[in-house]
Each structure stands twice: as C-alpha cells, then as structure tokens.
Protein chains: 2
Amino acid sequence: MPTTIGDVARRAGVGVGTVSRVLNNQPKVGPETRARVLAAIAELDYVPSATARQLSLRRTNTIAVASIHIVIPSVIERIHGIERALTAAGLDLIIRNVETVERRNEAVREIARTDRIDGAIFISLAPGAEELARIRRSGLPVVLIDAHHRSVPRVVSDDVEGGRLVGRHLLELGHTRIGFVGDPPRPALGVQSSRMRLRGVIEALQERGLGIAPEHIVEGEHSRAGGQDSARTILSRPDPPTAIVAANDTLAFGVLAAARERGLDVPRDLSVVGYDDIDAADLVQLTTMHQPLRESGTEAVRRLLAILDGTDNGPLRSVLPVHLVKRGTTAPAPERTA
Amino acid sequence: MPTTIGDVARRAGVGVGTVSRVLNNQPKVGPETRARVLAAIAELDYVPSATARQLSLRRTNTIAVASIHIVIPSVIERIHGIERALTAAGLDLIIRNVETVERRNEAVREIARTDRIDGAIFISLAPGAEELARIRRSGLPVVLIDAHHRSVPRVVSDDVEGGRLVGRHLLELGHTRIGFVGDPPRPALGVQSSRMRLRGVIEALQERGLGIAPEHIVEGEHSRAGGQDSARTILSRPDPPTAIVAANDTLAFGVLAAARERGLDVPRDLSVVGYDDIDAADLVQLTTMHQPLRESGTEAVRRLLAILDGTDNGPLRSVLPVHLVKRGTTAPAPERTA
DNA sequence: CACCAAAGTGGAAGCGGTTCCACCATGTTT
DNA sequence: AAACATGGTGGAACCGCTTCCACTTTGGTG
C-alpha cells in the first residue's frame, strides 16, 4: 500500500536505479532527471523503506544499549550522553534493561543474534565469556562503560584515583577512622568500580601509614535502603568511624539517613562523601566525586563509531577524569572524646 | 557470510519453506523432518535475520518512545514502566529525546516515516497538527502519556483532582494564602498538567470561598533553578503566601532552596508540596502527590498492544489515580503576625 | 570521419525471510 | 478398485531497496 521506489520511478518516467541514485545523492544523475525524480518523490510523499534498505545494505543505523537498572541516576546520565551523540550522528538507539545475570546473558545473546543493530554499548555490565564469544563470532562491535573486560574497548573513570582523592580530602580534615559503604561485589557482571574506589581510599590512607578497619567496610544492595543498612552496621560498631565514604551517591543518601536516625549531625559528628555527583547530590549538599557521566556516553559512542568506520586506534581503555566537589557533608573530624 | 535459511535447508535436506515452518512453529511438518531441521539449526548455530523477517512480514516488533528531556525523573520512571512491559511482550524499544518543538516535529516526522516501528508512545509531548496528520496517513498507532489531544488515545493522571487534594490538604492545615510554582505553559507541546494542577488547587480554594492571588502564581523553567527563581519572586512579594504548591517535585526542590535562602524554616514558616513523588522526594521528606508513573508506562503499552491487536475498546483517555503522600514539608499555617 | 572515453540510464539480481500453490504419498471412503 | 481427502513437502514469487552490468548518448580526439 505505501508507495515504493517503483512507484516513484514510474511517475518520474525513469528506472528504479536512477531513483535510488537520487535518494542516495549519488553523482551520476543528470540534473534534469534528478529534478524530475525529486518532484515525483514530493508529489507522492514517498519515504524509502528503512527495512528494505537495511536488508540490502546490511546496515541498520541502530545501536543497542544494555544497562543495569535504567533508573539508576548515573546510568540515566550516561544514556543521555549516548542519546545525544547518536542523534547527532543520525543513528537510532534501542534500549534494554538488565537486572540479573541471567537476564544479561539473555539480552547479550539476543543482541548478538539479530542483525538488527550495528553495535552495542553496555553500561555497568560486561558480557560473560560465552556471550562474549558469541558477540565476537557475530562481529558486532561493542564498547563497555563502567565495566571491565581485558579485551573489550571500554570507557571508565579513574576510580582508584577518585577514591584516593576522597581519602586525601578526609585525611586533610583530620579524619583517621574512615568507613566505606559499597556495592555488592558482582564479579559476574564485570563491574568493579566500587572495589576500585575502595582501593583508592585505602591507598590514600596507606600513604599516611593508616588503614581501614575491615569491620568498617560493608557492601550491600545498591539503593538508598541498602546504604542505610550498611551505614547502620558500621555506626553500631564500637569506636565507629568519623567519616564514611560511599561508593556512589545513592548509597551516600542512605548513609545520611542512617546518621540522622542515630541522631548524628552531618558533618559535625560524621562526614559523608559520595561518588558520581548526580543531580540530587546538590539537593542535599552532598560532598562527592564528580565524574563526567554524560561524557562517558558520548565517548563510548565516539569509540563505537570509530570502530564501525575502521578508524579506531585508541587504547582499549579510555579513562575519564574525576574531581572532588566539596559541599556540606564533610567537615573537620570531631575531637576524640573517648 | 552468516548462515541463512537456505544453508539450513540444504543441511537438513529439505526445502526452505519447511525450515520456515519449523522456525515459526507451524503445524504441517512431520515430526521426523522437524527434528532434522532443528538439528541443522543447532549445528549451524543459525539465527534468522530479523530484517528479512521484517521486510517479509511488514512488522518490526519494535516500538518507539519520544519524550521530552529523558533525564527528568518522572519521565524516566515512565520509560521504565514501558521498558518492562515491552520486554515482557518481546518487543524492542527505541528511544528518542526531544527538547524543542522543532526537534519534536522532526522526530515525529521521522517516526511516521520509517517502516521501522509498529507503534509509538509520546511522553509529555503531543504531536502537532501536521505531524499528526502524517502519522494518521501512515497508519501508525500512537499513545500519549501526560499529554492531550482530542483524538489520540492517552494515559494521564487526574491532575485536577490531584491539585484539588493538595489544596484541601493545605486548607486543612489552615493555610489560606497559597502560592503556585508551575512549568511554563507549552501549548505547542500539548502538555497541560501544570495548568490542570493549578486549576485543581484553585477549585479547592473556591470551595471555601477563597482564591489565589495572581502575583502568587509564577511559571518558569522546569528545573530546580527555575523553581528557585519562581519561588524567590513569590516570596519577595509583600504579604507572601504561607504555602507553595509546585507543579512537580523538581520545582518543589527549587522552592525549598529559595526558602532556605531567605532563612525560612520549612515547614514552620512555609509549607511546600510537590507533585509526582519521584524517588528524591523521599530523600528530602517532601510532601507530594503520588502518581503511578511506572504504571503509566505499562498502561500505555497495554493500550498500544491492544490497538495493534485490533482489540482496543477502551476510552480514548485512561486516567490513573493519585494520592497525597504527607511527609515533612507541610505543617499548620503559622500564626498571622502582621 | 571513425573511434573512444565519459556521463547517464534501465533493469536484473540479490539481500533473507514468508507464503502460496502445486504436488506427492498415504489412508479412507464408496 | 477408483475417487478423494489429508498431511507433508519443495520451491517460486514476493517484500522494497541497492548495485552491478550492459547499453546509449554525447563530446572529444587522431
């Protein structure tokens, strides 16, 4: 029912090849013929079938993004960056939300299977060995964001350095007993940022000959409630820390809630530092590490397009810079009362 | 290079038609033949081409979502609901971010143009007349969320009722001078929720013979900063209101910031009510209207699928319920000091 | 003036599926 | 035993585009 290239050709009194050439701005068409074809296109309100085009060209002009839980604020910012970059490049974006390892495998398999996309970006999520092999076999280019895999191009922020900066900031304020609230380790998903940030904090402490007590490190669910639980545990230890570092802002909000619950004044009694600098961090005046989330998305797209063009020559690992944003939740350590 | 249905047919010693029948679980295939085909598929690790399938079937199993500014928290929740419902139905989701009217037209045109999708959902965004005509012509089913158009199926929450409930809540607390911070009116985008909520508040006041002073109504940019600006304006009037209603939580956060800035204690000196009950509302203990955001997404998908099935018989307008969540930013009106 | 390169052009083949139609065995009915 | 459903099956045609190849025209060139 919809008009096809043949209808246009007939109307313009030319062959389909010529119409196709006009559509694709190819040179070898006489100016007068081109005008006639364009007129026919306009008259018929013709639009080429993207599907037929795909089949013929073996290109879809679409890329897929798979990410853990798309409602996580940092994930959203990254997707936003991706969306911008793709739109600018005239590509479509298909999105898939992944919440468990099984669903990840399923999603990856599906992504590798269809010829529906030209490339894929994984956010905070790395494909498993078998899935990766599948992808390799299909030749689909892939870029990871905030995830690690030895042999896959990826965009990450310098988590260890970020942790280090957080640690130094707290040391400067006189804190020596520092706690850490992190995400659950999920080696299966290939995401290590929480652990890397912890490592940075530890390194900063070690520079001063200090350490972090194992009972002051708790890893729990990535949610406000999870952060609150973890902080509760830490704060109920004898001799609790005077500062808590959270692996991300969402957890930090939970830490703030736990502090409030215990009647601790932030930052007088307890300093809290987050990570990511999401929008809401400003809302509660949270001191946090800023990382360029949106840029991580655009950078991933840049890499992906370069791979598609065959012009990619960057390092496997692009590292984005971070910087500390000092707000209202950190202050000098309280005098030791005990 | 990838294996095709022909490869499978050859390997299994059958015709392509038979392989196709097996792939689509059609009945008329002998059990022994079916087994042989399945074996061949497994051996070759064959996956049918989605594109070829699309071309032949004239169905894409993909739907598009166009929304204003995808980083708005309420929009994200809606998308989340859509994503869930689509994944459950085995459909793909393509996303397009729209920020201006021009970009909207462009996006709509593109959506209506390609044969790449089976349907579309618009969030807080209605197509313009010309674009709508285009969509109609293309026969593409469309559902709107949080947007209005006489003749397009849509999912909205009962904004007037929500506003009314907010108004009554404040009246019960003894507030009589109430301010309103809203989104800019954008008739071109077909989004009226801010105005509808305002209308509800006004209706509640009228029930008591009260009104809302025009200088206590300010509409500004949909952002924290915008809300802050608007609230500043209102609070600097002589005889400012004792309560401010914001058309959404993001604006309410701005109102809170403006109050803090002026040294007003919330809720002692000023009550603040938001709308949406986004995640961060809980974080700052904001009293707000809850509306089922995620459900709005699933409902929109349900409608869209029904239209695609030809089984849709619902009203053009699905209205979702709202309810007030009382938290810490509303309290009895202060004694009149003047 | 014959010859040839270059610019334009038409249309068949191919992309990888689905489906319809023709056809072949069977088993069942008269 | 002839007539005939019926379950299986192969394969051509088709979906709507791109591209390659063959062909015609035109304007130089020797």
Side-chain angles (χ1 to χ4, degrees), chain A residues 1-41 44-62 92 110 112-118 138-139, chain B residues 1-41 44-62 92 113-118 138-139:
Chain A
M1 191 61 226
T3 39
T4 72
I5 199 171
D7 300 332
V8 176
R10 216 166 305 121
R11 174 112 183 187
V14 301
V16 291
T18 301
V19 176
S20 176
R21 266 162 244 144
V22 170
L23 284 173
N24 296 289
N25 279 315
Q26 279 171 20
K28 308 258 196 146
V29 179
E32 194 264 341
T33 313
R34 164 166 275 129
R36 222 165 57 240
V37 171
L38 288 174
I41 289 175
L44 296 173
D45 200 13
Y46 165 73
V47 183
S49 156
T51 305
R53 205 140 195 288
Q54 280 174 31
L55 184 58
S56 191
L57 291 176
R58 303 152 150 282
R59 276 182 68 248
T60 61
N61 279 330
T62 302
D92 277 338
E110 224 171 292
R113 279 183 159 203
T114 78
D115 57 344
R116 224 185 266 174
I117 57 170
D118 294 340
S138 72
Chain B
M1 194 57 229
T3 38
T4 72
I5 199 170
D7 300 331
V8 175
R10 213 166 307 121
R11 175 112 181 187
V14 302
V16 292
T18 302
V19 176
S20 177
R21 265 163 244 143
V22 171
L23 284 173
N24 296 289
N25 279 315
Q26 279 171 20
K28 309 256 197 148
V29 179
E32 193 264 344
T33 314
R34 166 167 273 128
R36 222 164 57 239
V37 171
L38 288 175
I41 289 174
L44 295 173
D45 200 14
Y46 165 74
V47 183
S49 157
T51 305
R53 206 141 194 289
Q54 280 175 31
L55 183 58
S56 192
L57 291 176
R58 303 151 152 283
R59 276 182 65 249
T60 62
N61 278 330
T62 303
D92 277 337
R113 280 185 158 202
T114 77
D115 57 345
R116 223 185 267 172
I117 56 171
D118 294 340
S138 72

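Computation of the quantities below employed the complete heavy-atom set of this structure, encompassing side-chain atoms and omitting hydrogens, waters and symmetry-equivalent molecules. Residue numbering restarts at 1 for every chain, and letters A, B, ... go by the order of the sequence lines.
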| request: Please evaluate the base of D:dG16 for a donor-acceptor partner in the side chain of A:Thr4 within a cut-off of under 3.5 Å? | output: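 When only heavy-atom distances are counted, A:Thr4 does not reach the base of D:dG16 through any donor-acceptor pair under 3.5 Å.
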| query | Which parts of residues 17-24 of chain B get close to DNA chain C, meaning a heavy atom less than 4.0 angstrom away? | reply |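 Within this stretch, B:Gly17, B:Ser20, B:Arg21, B:Asn24 sit under 4.0 Å of the strand.
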| task | Name the closest nucleotide to the A:Ile5 side chain, picking from C:dC15, D:dT18, C:dG17. | result |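 Given the options C:dC15, D:dT18, C:dG17, the side chain of A:Ile5 is closest to D:dT18.
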| query | Which nucleotide in the list C:dG16, D:dG10, D:dT19 gets nearest to the side chain of B:Ser49? | reply |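 Between C:dG16, D:dG10, D:dT19, the one nearest the side chain of B:Ser49 would be C:dG16.
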Can you check the [X] [atom1] to [N] [atom2] distance for me, whole Å?
X	N	atom1	atom2	result
A:Asn25	D:dT19	CG	C1'	17 Å
A:Leu55	D:dC15	CG	P	14 Å
A:Leu57	D:dC15	CG	P	19 Å
A:Asp7	D:dC15	CG	P	11 Å
B:Arg10	D:dG10	CZ	C1'	14 Å

Whether the side chain of [X] engages the backbone of [Y] through a donor-acceptor N/O pair (distance < 3.5 Å, no angle test) should be reported.
X	Y	answer
B:Asp115	B:Arg58	no
A:Asp118	A:Arg59	no
A:Thr33	A:Pro31	no
B:Arg116	A:Ala50	no
B:Ser20	B:Thr18	no

| task | Go through the steps to decide whether B:Asn61 and B:Asp92 satisfy the test side-chain contact (heavy atoms from CB on, under 4.5 Å), and finish with yes or no. | result | CA-CA 6 Å; B:Asn61 278 330; B:Asp92 277 337; over 6 Å; no
| Gap between atom CG of B:Leu23 and atom CG of B:Leu38 - 0.5 Å precision |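 The CG atom of B:Leu23 is 8.5 Å from CG of B:Leu38, to the nearest 0.5 Å.
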Under 4.0 Å: is that the gap between some side-chain N or O of [X] and OP1 or OP2 of [N]?
X	N	answer
A:Arg59	D:dT18	no
A:Gln54	D:dT18	no
B:Arg53	C:dG16	no

| query | Going by number, which of residues 28-40 of chain A have a non-hydrogen atom under 4.0 Å from DNA chain D? | reply |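 Contacting residues: none.
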Could you report the tightest heavy-atom contact between [X] and [Y], atom names first, then the distance?
X	Y	result
A:Ala40	A:Arg11	CB-CG, 3.7 Å
B:Arg21	B:Arg34	O-NH2, 4.3 Å
B:Tyr46	B:Val8	CG-CG2, 3.5 Å

| field | Polar contact flag, side-chain donor to acceptor under 3.5 angstrom, A:Arg53-A:Asn24 | value |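 Present: a donor and an acceptor within the cut-off.
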| field | Degree of bending in the helix from C:dC1-D:dG30 to C:dT30-D:dA1 once both end axes are built from five pairs, to 10° | value |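 Inter-axis angle at the termini of the helix from C:dC1-D:dG30 to C:dT30-D:dA1: 60°.
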